[in-house]
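Being a predicted model, the structure only gives us computed values, none of them experimental.
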Amino acid sequence: MDTATLTAAKEKVEQRGFLDIDLDPTLDLFAEIERLKKEKNAVVLAHYYQEPDIQDVADYIGDSLGLAQQAEKTKADMIVFAGVHFMAETAKILNPTKKVVIPDLKAGCSLSDSCPPPLFKRFKEQHPDHVVVSYINCSAGIKALSDVIVTSSNARVIVDSFPKDQPIIFAPDKNLGAYINKVTGRNMLLWNGACMVHEIFSLEKITKLKMRHPNAKFIAHPECEEPVLRLADYIGSTTGLLKFTQTDPSKEFIVATETGILHQMMKSSPDKTFIPAPPNNSCACNDCPHMKLNSLEKLYLCMEYGTPEITMDEELRLAARKPIDRMLEISAKAGL
Ligand code: 13P
Ligand code: SF4
């Protein structure tokens with residue numbers, strides 16, 4: 001490609017979210033990505049909701065906690081984050097001197113978007129006696145206003161680390177917050193945010209599906225609404241759900257989370273059947289439109305050309321780092 005074409009494509013990255021360059025269709029992207037990993041000392045970290053091809057080229061696939069832990073300890077010079085923006089941003093907060101790239105800069109998160117920092121700042125000021133516990137699915141601006149960050153795999157342990165009478169604000173996911181209130185016996189004040197994917201499941205269709213598959217275990221992510229969670233045999237983070245399907249003797253599972261996780265479930269338990277929980281619309285899929293903006297082509301391009309890159313104001317980064325460090329410390333002590 002000539003320099004002028006590349007410069008023009010790079011200039012449009014902010015606007016488009018990715019490098020819009022036509023690739024030679026005969027290019028072996030899997031081999032190219034392996035070559036780039038070596039050449040650039042790059043590590044590919046992917047969330048379970050990424051498309052199967054991306055999961056298959058990743059050096060590490062995990063839930064939000066696992067990905068943050070990997071980002072903290074990596075020795076790579078370049079972190080290629082196949083996930084959504086808040087995840088890549090967390091990796092950058094932990095690695096200010098490393099290059100962090102994401103296949104599509106516009107891969108956002110409806111849950112994170114439901115909590116704008118200026119509004120949340122005002123809400124926090126109205127409750128000065130409360131500590132702020134925020135789910136990692138939030139922007140650096142919200143992290144900077146928080147005392148500690150949690151993920152779905154450590155939220156219970158971290159909330160339990162506060163004295164019982166400590167008033168707590170939990171943001172931004174009201175469903176995870178309500179679930180943690182239930183299991184810890186707390187009455188945390190909940191921000192009214194939710195994930196568009198986990199709120200779409202149909203209680204009626206799940207009930208019928210369970211009747212048609214009486215031996216199937218119903219497993220759900222805690223971002224689901226309370227009536228759905230009430231039906232669940234197991235509730236956990238994506239890693240928790242995957243491990244449950246590996247260790248539980250059942251042969252059939254109805255899975256209430258984004259469909260990307262089914263790839264690893266089927267890979268590790270080929271003798272078992274996995275049924276995605278049905279959404280309340282006519283579409284047969286529970287795909288996260290943000291996660292699915294990333295593709296293998298975009299992943300290759302961001303590695304090859306080092307853009308889109310995550311950049312951040314240093315003052316914001318330092319403020320956002322404190323509650324993440326606190327999360328990582330408590331999780332390590334708890335053996336998570
Ligand atoms: P976990 O993988 O940490 O369970 O989070 C799920 C999710 O919604 C990420 O966006
Ligand atoms: Fe955000 Fe939900 Fe997509 Fe996760 S699945 S990235 S919480 S919108």
**Student:** List the steps, then state whether side chain to side chain contact (heavy atoms under 4.5 Å, CB included) holds for Ile168 with His130.
**Tutor:** CA-CA 5 Å; Ile168 298 175; His130 286 54; 5.5 Å; no
**Student:** Would you sort out whether Arg326 and Glu329 count as a salt bridge (Lys or Arg N to Asp or Glu O under 4.0 Å), showing the intermediate values?
**Tutor:** CA-CA 5 Å; Arg326 193 165 172 194; Glu329 267 165 41; over 6 Å; no
**Student:** Is a donor on one side and an acceptor on the other found under 3.5 Å between the side chain of Thr151 and the backbone of Ser153?
**Tutor:**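 It does hold such a pair.
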**Student:** Phe244 vs Phe253 aromatic rings, parallel, tilted or perpendicular, using cut-offs 30° and 60°?
**Tutor:**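 Perpendicular.
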**Student:** Between Asp56 and Lys267, does any side-chain N to carboxylate O distance fall below 4.0 Å?
**Tutor:**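 So Asp56 pairs with Lys267 through a salt bridge.
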**Student:** Donor-acceptor pair, Lys124 side chain versus Leu145 backbone, under 3.5 Å?
**Tutor:**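 Side chain of Lys124 to backbone of Leu145, a donor-acceptor pair under 3.5 Å: yes, one is there.
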**Student:** To the closest 0.5 Å, what do you measure between CD (Glu304) and CG (Leu29)?
**Tutor:**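 Taking CD in Glu304 and CG in Leu29, the distance rounds to 11.0 Å.
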**Student:** Give a yes or no on whether a salt bridge exists between Lys182 and Glu226, defined as a side-chain N under 4.0 angstrom from a carboxylate O.
**Tutor:**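 Here Lys182 pairs with Glu226 in a salt bridge, since their nearest N and O are under 4.0 Å apart.
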**Student:** Out of curiosity, Met291 CE to Ile54 CD1, how far, rounded to the nearest 0.5 Å?
**Tutor:**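 If we round to the nearest 0.5 Å, Met291:CE and Ile54:CD1 are 10.5 Å apart.
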**Student:** Throw together a table of side-chain donor-acceptor distances under 3.5 angstrom for residues 106-123, partners on residues two or more places apart or in other chains.
**Tutor:**
from   : atom 1 : to     : atom 2 : distance (Å)
Lys106 : NZ     : Gln15  : O      : 3.0
Ser110 : OG     : Met196 : N      : 3.0
Ser112 : OG     : Ser139 : N      : 3.4
Ser114 : OG     : Leu111 : O      : 2.5
Lys121 : NZ     : Glu125 : OE2    : 3.2

**Student:** If you count heavy atoms of other groups shown closer than 6.0 angstrom to CG of Asp28, is the number above 12?
**Tutor:**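 Yes, the 6.0 Å shell around CG holds more than 12 heavy atoms from other groups.
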**Student:** How far apart are the C-alpha atoms of Leu94 and Asp325, what are their side-chain angles, what is the distance that settles it, and do they pass the side chain to side chain contact (heavy atoms under 4.5 Å, CB included) test?
**Tutor:** CA-CA 9 Å; Leu94 292 165; Asp325 281 345; 4.0 Å; yes
**Student:** Can a donor-acceptor pair be found, under 3.5 Å and without considering hydrogens, that links the side chain of Lys298 to the backbone of Leu293?
**Tutor:**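 Confirmed, Lys298 side chain pairs with Leu293 backbone.
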**Student:** Between Glu89 (side chain) and Ala140 (backbone), is there a donor-acceptor pair under 3.5 Å?
**Tutor:**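 Yes; at least one donor-acceptor contact below 3.5 Å.
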**Student:** Can you give me the closest heavy-atom contact between Met327 and Ile149, atom names plus distance?
**Tutor:**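 For Met327 and Ile149, the tightest heavy-atom pair comes out as CB-O, 3.0 Å.
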**Student:** Counting neighbours of NZ on Lys164 that are heavy atoms of other residues, nucleotides or ligands and sit closer than 6.0 Å, is the number greater than 12?
**Tutor:**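 Atom NZ in Lys164 is crowded, with more than 12 foreign heavy atoms closer than 6.0 Å.
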**Student:** Can you tell me if Asp313 uses its side chain to pair, donor with acceptor, with the backbone of Leu316 under 3.5 Å?
**Tutor:**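 At least one qualifying donor-acceptor pair exists.
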**Student:** Let me confirm one number: the OH-CG distance from Tyr48 to Leu262, rounded to the nearest 0.5 Å.
**Tutor:**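 Answer for the OH-CG pair, Tyr48 versus Leu262, is 13.0 Å.
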**Student:** For Lys98, which residues count as a salt bridge (charged side-chain N to carboxylate O under 4.0 Å, His left out) partner, sequence neighbours excluded?
**Tutor:**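 Salt bridge (charged side-chain N to carboxylate O under 4.0 Å, His left out) list for Lys98, sorted by chain: empty.
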**Student:** Is there a side-chain contact between Lys143 and Thr90 in this structure, where contact means two heavy atoms from C-beta onward sitting under 4.5 Å apart?
**Tutor:**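 In short, these two side chains touch, coming nearer than 4.5 Å.
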**Student:** Should Ile219 and Ile235 count as side-chain neighbours, where that means a heavy-atom distance under 4.5 Å?
**Tutor:**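 Ile219 does not reach Ile235 side chain to side chain.
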**Student:** Is it the case that the side chain of Glu199 and the backbone of Ala194 share a donor-acceptor pair, with hydrogens and angles ignored and the cut-off at 3.5 Å?
**Tutor:**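 No, Glu199 side chain to Ala194 backbone: no donor-acceptor pair under 3.5 Å.
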**Student:** Does any N or O in the side chain of Lys272 come within less than 3.5 Å of the main-chain N or O of Thr245, such that one atom is a donor and the other an acceptor?
**Tutor:**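 Yes.
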**Student:** Is it the case that Thr257 and Tyr49 place a side-chain donor and acceptor less than 3.5 Å from each other?
**Tutor:**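 Present: a donor and an acceptor within the cut-off.
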**Student:** Could you please spell out the steps behind the side-chain hydrogen bond (donor to acceptor under 3.5 Å, both in side chains) verdict for Thr259 and Asn286?
**Tutor:** CA-CA 6 Å; Thr259 51; Asn286 316 315; over 6 Å; no
**Student:** Side chain of Asn95, backbone of Ala71: donor and acceptor closer than 3.5 Å?
**Tutor:**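 Side chain of Asn95 to backbone of Ala71, a donor-acceptor pair under 3.5 Å: yes, one is there.
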**Student:** Quick one: do the Ser202 and Asn280 side chains pair a donor with an acceptor below 3.5 Å?
**Tutor:**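 Ser202 vs Asn280: no donor-acceptor pair found between side chains.
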**Student:** Testing the 3.5 Å rule here: is there a donor-acceptor pair between the side chains of Asn294 and Glu51?
**Tutor:**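 No donor-acceptor contact under 3.5 Å links the two side chains.
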**Student:** Rounded to the nearest 0.5 Å, what separates atom SG in Cys195 from atom NE2 in His221?
**Tutor:**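 Separation between the atoms: 8.5 Å.
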**Student:** Take atom CD of Glu204 as the centre, draw a 6.0 Å sphere, and report whether it contains more than 12 heavy atoms from other residues, nucleotides or ligands.
**Tutor:**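 No, CD of Glu204 has 12 or fewer neighbouring heavy atoms, counting only those of other groups under 6.0 Å.
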**Student:** Can any side-chain N or O of Glu225 pair as donor or acceptor with the backbone N or O of His198 at less than 3.5 Å?
**Tutor:**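 It does not hold such a pair.
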**Student:** Nearest 0.5 Å, please: how far is CE in Met303 from CZ in Arg35?
**Tutor:**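 With rounding to 0.5 Å, CZ (Arg35) is 9.0 Å from CE (Met303).
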**Student:** Crowded around Glu39 CD? As in, over 12 foreign heavy atoms under 6.0 Å?
**Tutor:**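 Check passes, neighbour count above 12.
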**Student:** Side-chain donor-acceptor pair under 3.5 Å between Glu223 and Tyr179, yes or no?
**Tutor:**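 On atom types as modelled, these side chains do not qualify, holding no pair under 3.5 Å.
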**Student:** Listed by chain and number, what are the ring pair (Phe, Tyr, Trp, His ring centres under 6.0 Å) partners of Tyr300, not counting sequence neighbours?
**Tutor:**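 Scan of Tyr300 (ring pair (Phe, Tyr, Trp, His ring centres under 6.0 Å), adjacent residues dropped) gives none.
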**Student:** Who passes salt bridge (charged side-chain N to carboxylate O under 4.0 Å, His left out) against Glu252, sequence neighbours left out?
**Tutor:**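 With neighbours one apart ignored, the set is empty.
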**Student:** Inspect the contact between Lys217 and Asp248 and indicate whether a charged nitrogen and a carboxylate oxygen are less than 4.0 angstrom apart.
**Tutor:**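 Looking at Asp248 and Lys217, the cut-off is met.
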**Student:** Indicate whether any N or O donor in one side chain lies under 3.5 Å from an N or O acceptor in the other, for Ser134 and Ser146.
**Tutor:**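 Looking only at side-chain atoms, Ser146 and Ser134 do form a donor-acceptor pair, the distance falling under 3.5 Å.
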**Student:** Listed by chain and number, what are the salt bridge (charged side-chain N to carboxylate O under 4.0 Å, His left out) partners of Asp160, not counting sequence neighbours?
**Tutor:**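 With sequence neighbours excluded, Asp160 shows a salt bridge (charged side-chain N to carboxylate O under 4.0 Å, His left out) to no residue whatsoever.
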**Student:** What residues, two or more places apart in sequence or in another chain, satisfy salt bridge (charged side-chain N to carboxylate O under 4.0 Å, His left out) together with Arg186?
**Tutor:**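 For Arg186 there are no salt bridge (charged side-chain N to carboxylate O under 4.0 Å, His left out) partners, ignoring immediate neighbours.
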**Student:** Going through the distances and angles, do Trp191 and Ile169 end up as a side chain to side chain contact (heavy atoms under 4.5 Å, CB included)?
**Tutor:** CA-CA 7 Å; Trp191 182 262; Ile169 290 174; 5.7 Å; no
**Student:** Could you walk me through whether Ile310 and Val101 pass side chain to side chain contact (heavy atoms under 4.5 Å, CB included), step by step?
**Tutor:** CA-CA 6 Å; Ile310 305 285; Val101 291; over 6 Å; no
**Student:** Between Asp147 and Pro323, is there a side-chain heavy-atom distance shorter than 4.5 Å?
**Tutor:**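 The answer is no, as the side chains (C-beta and beyond) never meet within the 4.5 Å cut-off.
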**Student:** Identify whether the distance between the nearest side-chain nitrogen and carboxylate oxygen of Glu34 and Lys37 falls below 4.0 Å.
**Tutor:**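 A salt bridge links Glu34 with Lys37.
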**Student:** Between atom CD1 of Ile261 and atom OG1 of Thr239, what is the distance when rounded to the nearest 0.5 Å?
**Tutor:**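 So the gap between those two atoms works out to 6.5 Å.
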**Student:** Does Gln70 offer a backbone N or O that forms a donor-acceptor pair with the side chain of Thr74 under 3.5 Å?
**Tutor:**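 No, Thr74 side chain to Gln70 backbone: no donor-acceptor pair under 3.5 Å.
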